[in-house]
There are 2 protein chains.
Amino acid sequence: MQRNSRFAVGVHATALALIAQTQRKGKPVTSNAIAAMVGVHPVHVRRVLGTLREAGLVESQPGPLGGWELSRQPSEISLYDIYLALEPELPFEMPARAPEACCRFAPDLPQVLADVMDDAKRALQQHLSSVTLEQIVGWQWDARSDDTARQSCSNLDKTGKPSSNGTLGIQS
Amino acid sequence: MQRNSRFAVGVHATALALIAQTQRKGKPVTSNAIAAMVGVHPVHVRRVLGTLREAGLVESQPGPLGGWELSRQPSEISLYDIYLALEPELPFEMPARAPEACCRFAPDLPQVLADVMDDAKRALQQHLSSVTLEQIVGWQWDARSDDTARQSCSNLDKTGKPSSNGTLGIQS
DNA sequence: AGAACCGTAACCATAGTAGTTACGAATACC
DNA sequence: GGTATTCGTAACTACTATGGTTACGGTTCT
């Protein structure tokens with residue numbers, strides 16, 4: 001646990017959803033499969049992806065053939081979209097402060113600092129906006145072409161079932 | 001409280017230390033004065049600045065004429081230096097994961113995601129490294145020249161004494 | 001009907017943040 | 001030397017965020 005992982009989980013999960021869309025048409029990835037591959041609890045996956053659904057990035061289907069799919073073109077989903085949907089604000093927020101706290105000494109410092117933090121947020125936003133899910137999965141294909149054989153992992157959707165062992169073998 | 005404010009406090013405090021150095025030579029800012037202006041508890045200021053001292057960014061002196069001073073040229077202290085000293089890592093860290101969790105489906109995705117996150121961190125680092133304390137305080141002088149009169153704030157070092165009212169009038 | 005999904009609420013353990021108190025050490029001033 | 005002022009730090013506390021876990025209900029496919 002610990003250290004906010006929603007963004008990482010969101011990116012990982014949506015990337016897996018996209019890969020699934022192109023790999024096995026008609027059968028979207030399930031929360032359990034994502035959870036097993038990302039290494040978190042299925043409920044957490046649903047919570048994160050549920051938030052992304054509210055933002056219009058993904059869709060879910062219940063039932064035996066259910067799971068998660070992107071609801072936009074992968075080229076239209078940037079890391080910034082995912083971040084913004086999952087986190088209330090970018091890092092480098094100046095904490096709200098009582099204005100009378102500063103004095104003759106440095107009356108404008110709070111505003112200058114707020115501007116500096118805004119610059120940092122803008123730089124970050126710019127970078128995150130420039131990376132799309134389509135690119136990420138593309139890089140993944142590139143990397144994969146260099147690969148040798150991999151061990152198979154049959155019946156992926158079944159793995160990570162909470163009732164099986166409960167911990168998924170994840171250590172804190 | 002809440003939302004990690006160490007970075008903001010560190011930047012604010014060091015900027016005030018620099019302003020003090022150039023404003024009232026020989027009399028560094030005290031933790032109490034910084035705490036009052038930043039809006040946090042003096043002990044918290046000492047904790048944050050204590051960490052920055054370990055990183056070699058500031059120095060402290062005890063006693064009636066004591067307080068905090070920069071131990072480097074302000075042009076040699078960047079926001080990245082302050083961030084790195086106060087936080088164990090930049091945001092956008094991929095959580096450590098068991099390697100066997102991923103499978104044939106997307107074996108290289110974890111590495112690709114780690115690279116993507118590294119890119120984000122690099123972009124952030126680049127921006128933070130480009131801003132120095134000297135610049136920040138310079139902007140503050142610029143803004144100040146536009147100012148009209150300000151109310152004075154006599155005996156700043158005394159304000160914010162915990163024994164006075166305990167809360168400093170700070171609301172959560 | 002039953003199995004396999006998602007949807008959510010509820011509860012809990014853990015950990016990080018910062019306020020608060022307390023006491024000790026160093027320094028300046030009388 | 002005594003006192004006031006400052007930093008240094010440990011200890012305790014309250015609050016909050018995070019995410020694991022369980023439980024139960026609703027859909028959809030077979």
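Here is the naming used below: chain letters follow the sequence lines, and residue numbers restart at 1 for every chain.
- Atom NE2 of A:H41 is separated from atom P of D:dG20 by 7 Å (rounded to the nearest Å).
- For B:S31, a side-chain nitrogen or oxygen approaches OP1 or OP2 of D:dC7 to under 4.0 Å.
- Between A:F92 and B:Y83, the ring planes lie tilted relative to each other; the angle falls in the 30° to 60° range.
- If you take CH2 of A:W68 and P of D:dT27, they are 16 Å apart, rounded to a whole angstrom.
- The phosphate of D:dT18 (OP1 or OP2) has no side-chain N or O of A:S5 nearer than 4.0 angstrom.
- Here the CG-NE2 distance, from A:L113 to B:H12, works out to 5.5 Å after rounding to the nearest 0.5 Å.
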Nucleotide-resolved protein contact map, nucleotides 23-30 of chain C, B/S/- at heavy-atom distance under 4.0 Å:
---SBSS-
Please produce a list of atom pairs where a protein N or O lies less than 3.5 Å from an N or O of nucleotides 9-11 of chain D.
| residue | atom | partner | partner atom | Å |
| --- | --- | --- | --- | --- |
| D:dA11 | N6 | B:R47 | NH1 | 3.1 |

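- Judged by closest nucleotide on DNA chain D, B:G66 is the one of A:H44 and B:G66 placed further toward the 5' end.
- Regarding B:N4, its CG atom lies at a distance of 13 Å from the C1' atom of C:dA15, rounded to whole Å.
- Mapping A:R6 and B:S60 onto DNA chain D via the closest heavy atom, the residue that lands nearer the 5' end is B:S60.
- In the set C:dA18, D:dC7, D:dT18, the nucleotide with an atom closest to the side chain of A:E87 is D:dT18.
- Listed for the B:S31 side chain is no donor-acceptor partner under 3.5 Å among the backbone atoms of B:P42.
- Whole-Å rounding puts the A:K27 NZ to D:dC29 P distance at 11 Å.
- Of the possible donor and acceptor atoms, one in the side chain of B:T30 sits under 3.5 Å from a partner among the backbone N and O of B:A33.
- The hydrophobic clustering, which links ILVMFWY residues whose side-chain heavy atoms are closer than 4.5 Å, places A:V29 and A:V43 apart.
- The nearest whole Å value for the distance from the CD atom in A:E89 to the P atom in D:dA17 is 11 Å.
- The distance from atom CG of A:N32 to atom C1' of C:dA4 is 10 Å, rounded to the nearest whole Å.
- B:L65 and B:L70 end up in different hydrophobic clusters when Ile, Leu, Val, Met, Phe, Trp and Tyr side chains are linked at under 4.5 Å.
- Closest contact between the side chain of A:R3 and the listed nucleotides D:dC7, C:dG19, C:dG16 involves C:dG16.
- Rounded to an integer number of Å, the gap from A:L49 CG to D:dG19 C1' is 15 Å.
- Residue B:L86 contributes atom CG, which lies 11 Å from atom P of C:dT17 at whole-angstrom precision.
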